[in-house]
Amino acid sequence: MDDLPFRELIDAAPDGLIVCEASGRIVLVNAEGARMFGYERDELIGRTIDLLVPRRVRPYHAKHMASFTAAPRLRPMGSGLDLHGARKDGTEFPVEISLSPIETERGLLITAGIRDISERRVLEGEKRRATAYLTSAVDSVSDAFALFDEHDRVVMVNSTARELLGSDLGHAIVGMRFDDLLRSAVESGAFDFSSESKDALLRRWFAYHQNPIGMLDVRTGTGRYLRVTARKTAEHGTVSTIADVTDDVQREADLRQARAAAEAASAAKSEFLSSMSHELRTPLNAVLGFAQLLERDRRNPLDARQIERVQHVLRGGEHLLRLIDDVLDLAKIESGHVSVSIEQVSLEDVLREVLTTLEPMATRAQIQMELAPLPDGPIVVTADRTRLAQVLMNFGSNAIKYGRKDGFLRFDVKPVGTRVRISTIDNGLGIPDAKRDRIFEPFQRAGQETGPIEGTGIGLAISKRLAELMHGRVGFSTEEGRGSTFWIEVPLHEVPADEPLPGRQRSGPLSPLTEGESARFKVVYVEDNPSNIAFMRDVMDELSSVELITAPTAEIGLELIRAHRPTVVIMDINLPGMSGVDAVRILKAGPETRSIPVLGLSAAALPSDGKRAVDAGFHRYLTKPVKVTELTAALEELLVPQS
Ligand code: ADP
């Protein structure tokens, strides 16, 4: 057969080519045909084709040959038969075979085109395995999962999705269009329609599926919450997952409810504190106010014994006031209702203020108080001025209270890295070892519970929390019988050379109130409490240049203010009928009364009250019990004669 034409062409064919006679005798083999069976071409010519068929299938092969030669016809490749070839070394390999009969003068010849498909089989196996992995992975996901192709037909779903959407479908889901699938799921009653119609749900879902941004929440007919998430794939298909978020929704609802309850409780507590503070401060206002007036009454001066008694009243009242303030302060801090206003503060100013305030107390206790030489240059810290002073006042007053007669209290300032440490050093009683651990906790008095020194055990707890609110910290060292050092550290503010220093507190103006009889100022005081009115009258009596006009309600007050055009109005806030805040709003809206400054005066002592008042248009807001000096200072500021 070497004389066959196109010999080279046949050899170049990528498939194996073997030609045999009807008897099975091989007459031609191309290069690939010999190679794939592991023979030299010559070894095959003249042998029967049976040689290339695995031994186990030779009996069937003979039958196939017989039936083919009886009715020879073209049989293409890939007929679906699972065929194998046998190599020279006995190994088998999968093949695809096409057969075509050729009638020649030598009789029937059969041409077999043979393709080694081992590699394809390996690839097919790998693909099958990968698909199986993917399917079982998708199936084991607890969320429902569905993949749609670019024509929006289902390519893959897991069993959760099947259960959710197609349990009643009774037919295969794969291949279904998304809209048919969703419609049949909706029709089967899988979802809840109590808050929207079927059509509305379908519209919502279709719109989301087309343009999946964010998530889609739906409820099932059994009251569960589902969260649908869809994303477009790179192949223009869509992946959709549906998670059952009922537990999360329930938890969120519980949390919301708990938060609302906590907020309500906290609001109730704030409200309680505010009104309690008001209730306690109003009578205390009268007690302290009148005691102060008695003590300084110039017309009917008290004798020494009476002054001593009045001073007892004052001390007791002040102690009670401090107690109320401390308990309120702590409660506010603990409930997160205290906000500090951090600013740049000149430390020297704060220290001088603290020392001035503590001076009388130190003198009484015969304690030498001093400020150690400050480091060079101005020291500016970032802190809440009032709160920093409060902490230092607390440390200082403790050092005096728990100090010894003829002892000392020294304020010391040292930079520590990016902070400044301000210490109060005393040589007082010190604190016993066993009592130190809980000293910054509320109501801990470290062994002083039964002693003669007054205290509540709240001051240090407040100081610690305030320091933390100002991004600082507190600490102490102590030795029983020898003394203690308490310190607070607050952030240091580096002052650039050209930055102006935070202003010192303005010293008060010269009093116009005591400058003779010529200037008469009208002051309208709106207050319903008779003892407060009597107190104010007494205060004003001392100021000869003031004429006091009082009104028991805001309504009457407004009339009097319009009629008299006073220089200053003093307004209580909680009044019967119209509140002081509303009255101020009316005054600020009237062109004739707009410019009259109004001093707010109330027993309510929460910061929010003060802010509310200033927002409403009060010039200033003083808290009862009012210190006589504070009130007269505020009036002096406002009653400067108009030039
Ligand atoms: P209070 O002074 O009202 O009892 P504090 O919270 O200010 O409450 O202080 C708690 C306790 O710490 C005090 O009762 C006292 O025993 C102790 N203490 C505080 N400062 C000093 C000090 N400088 N020297 C000795 N003991 C002190």
Side-chain angles (χ1 to χ4, degrees), residues 280 284 315-334 338 351 354-355 357-372 386-414 421-470 472-490:
L280 293 173
L284 206 52
R315 268 200 299 280
E318 274 159 12
H319 178 63
L320 193 56
L321 181 61
R322 259 197 316 279
L323 215 110
I324 296 170
D325 283 345
D326 278 359
V327 172
L328 280 175
D329 219 16
L330 182 69
K332 276 184 283 169
I333 293 174
E334 303 239 293
V338 162
L351 280 167
V354 170
L355 264 83
T357 314
L358 289 175
E359 191 63 60
M361 188 180 171
T363 311
R364 262 201 310 275
Q366 297 180 17
I367 283 181
Q368 183 68 37
M369 191 169 59
E370 62 176 29
L371 177 58
T386 317
R387 295 306 198 167
L388 177 60
Q390 183 181 348
V391 173
L392 293 175
M393 214 91 86
N394 182 41
F395 288 172
S397 62
N398 276 349
I400 299 169
K401 271 199 310 188
Y402 305 107
R404 65 177 76 244
K405 199 168 159 233
D406 297 326
F408 69 81
L409 156 60
R410 189 163 60 246
F411 282 84
D412 182 69
V413 176
K414 271 198 183 57
R421 175 180 289 199
I422 310 128
S423 311
T424 57
I425 304 160
D426 68 57
N427 62 344
L429 305 178
I431 301 164
D433 258 6
K435 303 284 184 185
R436 289 175 197 167
D437 287 358
R438 303 174 60 197
I439 193 126
F440 285 108
E441 288 175 24
F443 309 109
Q444 297 300 322
R445 296 212 59 215
Q448 297 291 346
E449 299 79 1
T450 49
I453 305 171
E454 275 174 357
T456 54
I458 301 178
L460 288 183
I462 292 179
S463 300
K464 178 169 189 283
R465 285 169 181 61
L466 288 178
E468 285 160 0
L469 283 173
M470 293 187 287
R473 54 192 194 132
V474 291
F476 73 106
S477 58
T478 181
E479 204 177 324
E480 190 177 2
R482 308 207 67 155
S484 315
T485 297
F486 279 81
W487 53 260
I488 175 171
E489 284 177 8
V490 282

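In listed order, ligands and their atoms are each counted from 1.
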### Task
Report the C-alpha separation of Arg387 and Gln390 in whole Å, then their side-chain angles, then the decisive distance to 0.1 Å, and conclude whether the side-chain contact (heavy atoms from CB on, under 4.5 Å) test is met.
CA-CA 5 Å; Arg387 295 306 198 167; Gln390 183 181 348; 2.6 Å; yes

For [X] and [Y], work out which heavy atoms get closest and say how close.
X	Y	value
Val474	Ser463	CG1-O, 4.1 Å
Val354	Phe411	CG1-CZ, 4.0 Å
Thr478	Ile431	OG1-N, 2.9 Å
Ala399	Leu409	CB-CD1, 3.7 Å
Arg436	Glu480	NH2-N, 4.0 Å

Which segment of [X] sits under 4.0 Å of ligand 1 when only heavy atoms are counted:
X	value
Lys435	neither
Ile453	neither
Phe486	side chain
Ile458	backbone
Leu460	both

Looking at [X] and [Y], would you say the former's side chain and the latter's main chain have a donor-acceptor pair under 3.5 Å?
X	Y	answer
Lys401	Glu454	yes
Arg445	Gln448	yes
Arg404	Gly481	yes

For ligand 1, which atoms have a heavy atom of [X] less than 4.0 angstrom away?
X	answer
Gly457	1 (P), 3 (O), 4 (O), 6 (O), 8 (O)
Lys401	1 (P), 2 (O), 3 (O)
Ala446	16 (O)
Gln444	10 (C), 11 (C)
Ala399	23 (N)

So which heavy atom in the protein is nearest [atom], and how far is it from that ligand atom?
atom	result
atom 4 (O) of ligand 1	Arg445 NE, 2.6 Å
atom 24 (N) of ligand 1	Ser484 OG, 3.3 Å
atom 3 (O) of ligand 1	Thr456 N, 2.8 Å
atom 19 (C) of ligand 1	Asn398 ND2, 3.5 Å
atom 26 (N) of ligand 1	Ile431 CG1, 3.3 Å
atom 23 (N) of ligand 1	Asp426 OD2, 2.9 Å
atom 2 (O) of ligand 1	Tyr402 OH, 2.8 Å
atom 12 (O) of ligand 1	Ile439 CD1, 3.2 Å

### Query
Does Asn394 come within less than 4.0 angstrom of ligand 1, counting non-hydrogen atoms of the residue?
yes

### Query
Purely on distance, is any nitrogen or oxygen of Gly447 under 3.5 Å from one on ligand 1?
no

### Query
What is the distance from atom CD of Glu489 to atom CZ of Arg421, rounded to the nearest 0.5 Å?
4.5 Å

### Task
For atom CZ of Arg315, decide whether the heavy atoms of other residues, nucleotides or ligands shown that lie under 6.0 angstrom number more than 12.
yes

### Message
Is it true that, when you exclude Gln368 itself, more than 12 heavy atoms of the residues, nucleotides or ligands shown sit nearer than 6.0 Å to its CD?
### Response
no

